[in-house]
Number of protein chains: 2
Amino acid sequence: MADRVHVTLRDVATAAGVSLATASRVLNGTAKVREDLRDRVEAAASELAYTPNAHAQALARASNETVGVICHDVSDPYFSGIARGVMRAAAQRDLLVMLASTFRDSAREVAYVSMLRAQRARAILLIGSGFEDRRWERAMDVELRPYLNAGGRVAVVSRHRSLRVDTVLPENRAGAAALARALLALGHRRFAVLSGPPGLSTVVDRVGGFRDALAAAGVPVGQVVEGPFSREGGYAGASALLDRGLDATCLFAATDVMAVGALAALRERGLRVPDDVSLAGFDDVPVVRDLTPPLTTVALPLEEMGERVIALALRDGGRGRRRIERIAGRVVLRASTTGPP
Amino acid sequence: MADRVHVTLRDVATAAGVSLATASRVLNGTAKVREDLRDRVEAAASELAYTPNAHAQALARASNETVGVICHDVSDPYFSGIARGVMRAAAQRDLLVMLASTFRDSAREVAYVSMLRAQRARAILLIGSGFEDRRWERAMDVELRPYLNAGGRVAVVSRHRSLRVDTVLPENRAGAAALARALLALGHRRFAVLSGPPGLSTVVDRVGGFRDALAAAGVPVGQVVEGPFSREGGYAGASALLDRGLDATCLFAATDVMAVGALAALRERGLRVPDDVSLAGFDDVPVVRDLTPPLTTVALPLEEMGERVIALALRDGGRGRRRIERIAGRVVLRASTTGPP
DNA sequence: GCGCTATCTGAAAGCGCTTTCCTGCGGTAC
DNA sequence: GTACCGCAGGAAAGCGCTTTCAGATAGCGC
């Protein structure tokens with residue numbers, strides 16, 4: 001076996017005693033080929049362990065079988081849940097997924113889009129919030145526009161503003177409002193909110209929806225602290241609240257991951273959940289039902305969202321107006337919430 | 001702007017009034033080019049929003065800047081922790097990561113290796129246990145051997161047997177033994193074990209190490225149940241144990257994820273951890289410190305393992321003997337374990 | 001047996017790039 | 001002024017494949 005060198009279609013054709021064209025036709029099934037030739041080609045291919053060079057194919061066919069996915073952090077359960085759905089759907093379509101983590105660095109996100117563009121990925125999917133950065137927005141536009149013009153597909157999930165592309169969007173506002181109403185129904189009247197990075201549409205909608213529902217009931221939203229969408233963010237936010245004196249019977253965290261951090265902070269300070277204070281999150285990432293107490297939250301079908309976003313990107317008609325698919329959230333009351341003390 | 005068509009290097013060269021070769025040289029910095037020409041090329045490239053076709057480059061250069069990663073499930077925190085490390089390291093090297101999930105289907109794993117081979121990925125990284133399947137092993141060998149012969153790099157992490165390639169390997173045996181000794185020191189003498197799928201090296205080593213350490217202290221390992229490496233597996237295993245009457249003061253689950261399921265089952269049956277029974281896991285995935293009680297476990301540096309495996313694959317000298325990098329685990333005693341009741 | 005058509009096969013062009021080879025230029029030494 | 005050298009830039013080959021186009025072969029009706 002030749003070392004350091006790949007078997008090419010030419011090798012297969014030679015071994016089978018046919019032309020390159022015939023070998024290609026056999027292996028792709030693109031045209032009828034006499035049976036004995038076909039057999040010889042197939043035998044030679046498997047004998048030589050031939051694998052077509054995907055780059056050569058992509059070049060010749062001017063298309064390829066990959067999609068790119070960009071998220072902030074694969075090990076955040078919100079993203080990995082969605083990514084799982086994307087991968088499942090991609091597998092069904094025989095697409096290869098290139099997954100990149102930005103680690104919340106906007107420059108890196110732009111760089112990845114550029115790389116995926118270079119790869120001529122069939123579609124580029126962006127998972128999770130964008131950046132509040134004018135420069136980023138321009139840079140992104142510079143990358144995305146030519147890609148779209150060249151027939152590339154772009155879709156985003158759980159990201160709303162700034163990029164005018166097809167979108168899968170959780171109904172954050174309605175979900176948060178429904179959660180607020182459920183919490184009001186439990187009797188709470190004094191709330192505190194652990195909000196995410198200001199300006200992100202997810203934050204604006206969740207906190208806004210929560211606030212609106214309270215307002216509709218004549219209840220003012222109380223203390224609000226902002227912090228990153230992470231366990232540490234939730235921990236720090238809850239700690240800050242506690243430091244300045246928590247004046248609420250119920251705490252709403254904008255994401256489950258933040259709620260996990262908040263729970264830890266609460267517990268460290270000796271507050272019992274839900275006896276002293278109720279706690280609710282948003283997303284229903286898998287871990288929250290294993291917390292003690294299990295977390296009340298707004299459940300989002302993460303995997304389905306992933307499947308939807310890739311389907312949306314690949315579906316025809318992309319050059320028309322922007323399509324938005326809305327995903328409803330479902331309030332799940334668990335033991336982390338109860339009536340006020 | 002031309003629609004449906006990509007800007008090529010030829011377009012840039014024409015716009016700049018230079019030859020293809022010169023444009024290539026400027027954009028790659030591979031040779032000295034007169035300053036005014038260089039400026040013109042750069043201006044034209046950015047004017048046209050040119051992005052090189054990675055496939056054409058890969059073809060012409062006979063190499064490319066991607067690595068493939070195959071794991072069982074991105075949304076399992078063990079894998080996503082490792083994947084995070086891989087991505088961080090890949091980003092530093094300007095490599096694009098193609099990540100595939102097998103969903104524990106061995107045929108799909110083989111298919112992915114084939115696709116990554118077709119992509120001429122610089123390296124293929126396999127995360128997590130292999131399959132106990134003779135057919136799979138042969139199929140894998142058929143794919144991997146030509147890839148290696150052609151200069152491809154393959155490395156695995158947390159997988160030991162059957163594939164004789166470079167490996168990053170947690171010291172499962174030693175870690176489990178150390179954990180067992182710590183548990184013995186707490187006073188436990190009756191243990192039950194939640195084991196994983198039989199035959200997997202990870203299982204063999206963890207359960208074996210645990211058992212050996214007990215044996216060294218003259219303590220027999222008690223009940224053992226097997227199940228898949230998942231929350232459901234842990235839940236079912238613990239339930240089975242409870243059904244047949246749990247005869248142990250301490251339960252050891254082969255992975256943290258299983259321990260999470262076990263904890264839920266235990267609690268559902270009214271058993272308190274650690275008062276009625278102590279519980280320990282393995283891996284130290286992020287969530288376990290947020291459980292109540294926080295889980296005693298053997299901590300593995302997941303992200304570092306990811307960084308190590310990609311470094312190992314890309315490091316030269318791969319054609320020599322198989323290299324194995326061992327990763328030590330560290331026993332972390334948390335509140336889920338205490339002395340026997 | 002001849003001419004025509006319907007199939008199948010092979011030659012060759014071309015996808016977009018890199019890289020080798022070669023030409024032409026300016027500069028230096030004599 | 002001539003011969004030589006070094007260097008920058010262009011022409012062209014080639015990476016491995018797909019696909020068009022044309023040629024060859026077989027099959028059919030007369």
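Naming convention: chains lettered A, B, ... in sequence-line order (proteins, then strands); numbering from 1 in each chain.
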Does a nitrogen or oxygen in the side chain of Thr22(A) sit under 4.0 Å from OP1 or OP2 of dG10(C)? yes
On DNA chain D, more 5' by nearest nucleotide between Arg25(A) and Leu9(A) is Leu9(A)
How many Å lie between CD on Gln119(B) and C1' on dC15(D), as a whole number? 16 Å
Arg40(B) CZ to dA8(D) P: how many Å, rounded? 17 Å
Hey, does the Lys NZ or Arg CZ of Arg108(A) hover above the aromatic six-ring of Phe103(A), less than 6.0 Å from the centre and inside 45° of the axis? no
Do side-chain atoms of Thr102(B) reach the backbone of Glu109(B) as a donor and acceptor pair under 3.5 angstrom? no
So Ser24(A), base contact, sugar-phosphate only, or nothing? Heavy-atom distance under 4.0 Å. base
Judged by atom type as modelled, is there a donor-acceptor pair below 3.5 Å linking the side chain of Asn64(A) to the main-chain atoms of Ala54(A)? no
Assuming nearest nucleotide by heavy-atom distance, tell me which of Ala62(B) and Gln57(A) is located more 5' along DNA chain D. Ala62(B)
Rounding to an integer number of Å, can you tell me how far Arg10(B) CZ sits from dG10(D) P? 13 Å
State whether Asn53(B) places a side-chain N or O below 4.0 Å from either non-bridging phosphate oxygen (OP1 or OP2) of dC15(C). no
Carboxylate-amine/guanidinium contact Arg104(B) Asp73(B), below 4.0 Å: no
Between atom CZ in Arg61(A) and atom P in dT19(D), what is the gap in whole Å? 7 Å
